[in-house]
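Every chain is numbered from 1, with letters handed out A, B, ... down the list of sequences.
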Protein chains: 2
Amino acid sequence: MDQAPHRVTIREVAAHAGLSISTVSRALTGSRAVLPELVRRAQDSASELGYRADTVGRSLRTQRTGTFGLVVPDLTNPFFPALVQALEHAARSRGLSILIADTGNDPEVETAAMNTLLDRRVDALLVSPVDLEASREGLISAATTVPVLQIDRVIDEGIPFVRVDQEAPVKALVERMIATGRRHLAFIGQDPRIATSREREVAFAQAMSERFAGGPLRSVTGGTSPQSGRAAAETLLSRWPETDGVVCANDLIAVGVLEHVRARLAGRRIAVSGFDDTLMAQVLELTSVRQPVQQLADLAIAAAAHPDRSTLLATRAVVASEVVFRRSTD
Amino acid sequence: MDQAPHRVTIREVAAHAGLSISTVSRALTGSRAVLPELVRRAQDSASELGYRADTVGRSLRTQRTGTFGLVVPDLTNPFFPALVQALEHAARSRGLSILIADTGNDPEVETAAMNTLLDRRVDALLVSPVDLEASREGLISAATTVPVLQIDRVIDEGIPFVRVDQEAPVKALVERMIATGRRHLAFIGQDPRIATSREREVAFAQAMSERFAGGPLRSVTGGTSPQSGRAAAETLLSRWPETDGVVCANDLIAVGVLEHVRARLAGRRIAVSGFDDTLMAQVLELTSVRQPVQQLADLAIAAAAHPDRSTLLATRAVVASEVVFRRSTD
DNA sequence: ATAGGCTCGGCAAACGTTTTCCGGCTTCGC
DNA sequence: GCGAAGCCGGAAAACGTTTGCCGAGCCTAT
């Protein structure tokens, strides 16, 4: 049938323009001064022939691919698509591309994925590590080969990161629940090996101990889904029946809790809050913590795109998030 | 600080093993027979030195990158993360990678993104085109350079695709609504320039005309979000107040409709259905059409990964989907 | 016994680009 | 009017890999 169409190379552009390859390269990339007349000739020939520089050849020579590896734990969790989208836009606006890997919450897959990305010679690795412990070794080892940036989830302070502050919003949630008359607050976390969930739990414990020194710490952990949220709510309320406010580490969990509360405990006035301000939170009128995804992405890409790697290697950024109060905490 | 760590090249492996570069290459890739003894020596040296072949060098030589470009319209729509995840897994299990681009529903961005992916010399382009018309030109032009596979949304039958049948599920929905006593059915679509939405609308019109020949076609279109779903429901019900069943082109829309119905029309028994069987549909007990995402992804990657491009170029696949009935259509 | 064929190691070319180096020309200062 | 110092074009090397080709050694069949 139709043959693989021949791609125009810089050599042909040079021939067509009656210039040397070097001159064309310089004229098009602007890497060194070229007489305006020649620049025009080069550009004209290039566009006439439809020339577009081949990134593979360029990468081989420059040792930079203009590509980042992005490793996320689970695209099923709506927070990550939002993050990916923001990162991809930020990257593309600078002419950079993103190789994506979804690890399905498996640390071994994660390490393997990072290695295949390294083989592809990405300029940097953006990672939201799966597991506080099991991900560490692979992460550290990757960091010896390429600049690594932990994004959102940070499991090793020695490696650059861009994260969200968890303390303030959790404190604000607790304060609000107390202000609306609740006294017996509880926390429902995801797998405790997830960095952000752990941090939220710690923040919760601290906020509580400031208000109710010596009081019991009501806390339960489970999976990351409405189903497990419902189950967690059940065990929580059977263990501490007095509970009248629940801070969840995640919207998906909170939705499950909400279901349980609205269905089984319609009479009781139990506050519920989540994290991530997903679409579901908006629809179900669930109080949630909106993540500054855009800011996170901009910081990450800005750091990763910086020409000298020392900037990236020095990145330790924490950005603030904002609680969106809705009916679920009225 | 610490210098960029030197990556081991095949040349060093060859030196260490006392073999020629060619032999090492052949031993490691198995591209030609090599004496077992030498294979062992090559492999030992490779693993001892921690050698991993550089994909950039290889790509330059072989003219294949082992990378696909994936272009999706909007990761905010939960259908696409699911698709991306499935595609990425299928690709990685074959040692292939995916460069992702989110076009934010903008055909111009889409064309630009496709071009930057082409510069990266992807082996194939997997695209869910934004717009039935505005996307066509860019798509066709890209297809002259690289194998292109339309995935889910197809806007040009001349270009290979992997899609989902819309007719059967829509018909099943209509039948069910009729079977449960509804007579005045309506359709709410997304932007009519979205291929799948249009197909669902056509299927709806056809199913209806089979049952109610000559009856009015109640149909409204709007955006892809609960908000616009709610708005659409409002105009729909003011225009055709008798409506007692609504087939929506999308879960997000359906959720908006459901809100409107449950809030404002609590007395009336109006059936609502969506598409994609997202988490929200499950939570809100919304009848929806589950997309065979896994199957779609497997077919797509299998076609794209096939060594000779003629297979991909011949791909025209349609897979079936399944309606999941829930309370919203009881 | 020898011609022909098979196996397999190594040299070198090639993939497409950027960039170093060289050298010719112009300019400028004295 | 002359040396030094830019400016800028072109040849060629380099990035890391795969692979076409050659030829040495061995086997086999007649």
Is a side-chain donor or acceptor of T311(A) paired with a backbone partner of R309(A) at a separation under 3.5 angstrom?
no
In this structure, which one of I159(B), T315(B), V162(B) forms a side chain to side chain contact (heavy atoms under 4.5 Å, CB included) with Q150(B)?
I159(B)
E110(A) side chain vs V130(A) backbone, donor-acceptor pair below 3.5 Å
yes
Distance only, no hydrogens: is a donor on one side chain within 3.5 Å (strictly under) of an acceptor on the other, for S128(B) and R153(B)?
no
Closest-nucleotide mapping onto DNA chain C: is G18(B) or R61(B) further toward the 5' terminus? I mean the 5' end.
G18(B)
Base, sugar-phosphate, or nothing: which does I21(A) touch, judged by heavy atoms less than 4.0 Å apart?
base
Distances for protein N/O vs nucleotides 22-27 of chain C N/O pairs under 3.5 angstrom?
none

Are the side chain of R316(A) and the backbone of E157(A) linked by a donor-acceptor contact shorter than 3.5 Å?
yes
Indicate whether any N or O donor in one side chain lies under 3.5 Å from an N or O acceptor in the other, for Q291(B) and D152(B).
no
DNA chain D: first to last nucleotide in contact with chain A (atom under 4.0 angstrom from a heavy atom), 5' to 3', is dC8(D) to dG16(D)
At 4.0 Å (heavy atoms only), tell me whether T29(B) reaches a base, stays on the sugar-phosphate, or touches nothing.
sugar-phosphate
Across the strands shown, which category fits V56(A) at heavy-atom distances under 4.0 angstrom: base, sugar-phosphate, nothing?
nothing
Quantify the bending of the helix from dA1(C)-dT30(D) to dC30(C)-dG1(D) as the angle between its end axes, each fitted on five pairs, to 10°.
40°
Could you check if a side-chain atom of F68(B) sits within less than 4.5 angstrom of a side-chain atom of I301(B), using non-hydrogen atoms only?
yes
Would you mind classifying the nucleic acid contact of T62(A) as base, sugar-phosphate or nothing, using non-hydrogen atoms under 4.0 angstrom?
sugar-phosphate
Heavy-atom side-chain contact between D54(A) and R58(A) under 4.5 Å:
no
Ignoring hydrogens and angles, tell me if any N or O in the side chain of R41(A) forms a donor-acceptor pair with the backbone of L19(A) under 3.5 Å.
no
Would you indicate what T9(B) reaches in the nucleic acid, counting non-hydrogen atoms under 4.0 angstrom: base, sugar-phosphate, or nothing?
sugar-phosphate
Check whether any side-chain N or O of Q85(B) sits under 3.5 Å from a backbone N or O of A82(B) as a donor-acceptor pair, and report yes or no.
no
Are S20(B) and T23(B) linked by a side-chain donor-acceptor pair shorter than 3.5 Å?
yes
Tell me the interatomic distance from L60(B), atom CG, to dA13(C), atom P, rounded to whole angstroms.
17 Å
5' precedence on DNA chain C between P36(B) and Q63(B) (nearest-nucleotide basis)
P36(B)
Quickly work out the L19(B) CG to dC11(C) C1' distance and round it to whole Å.
15 Å
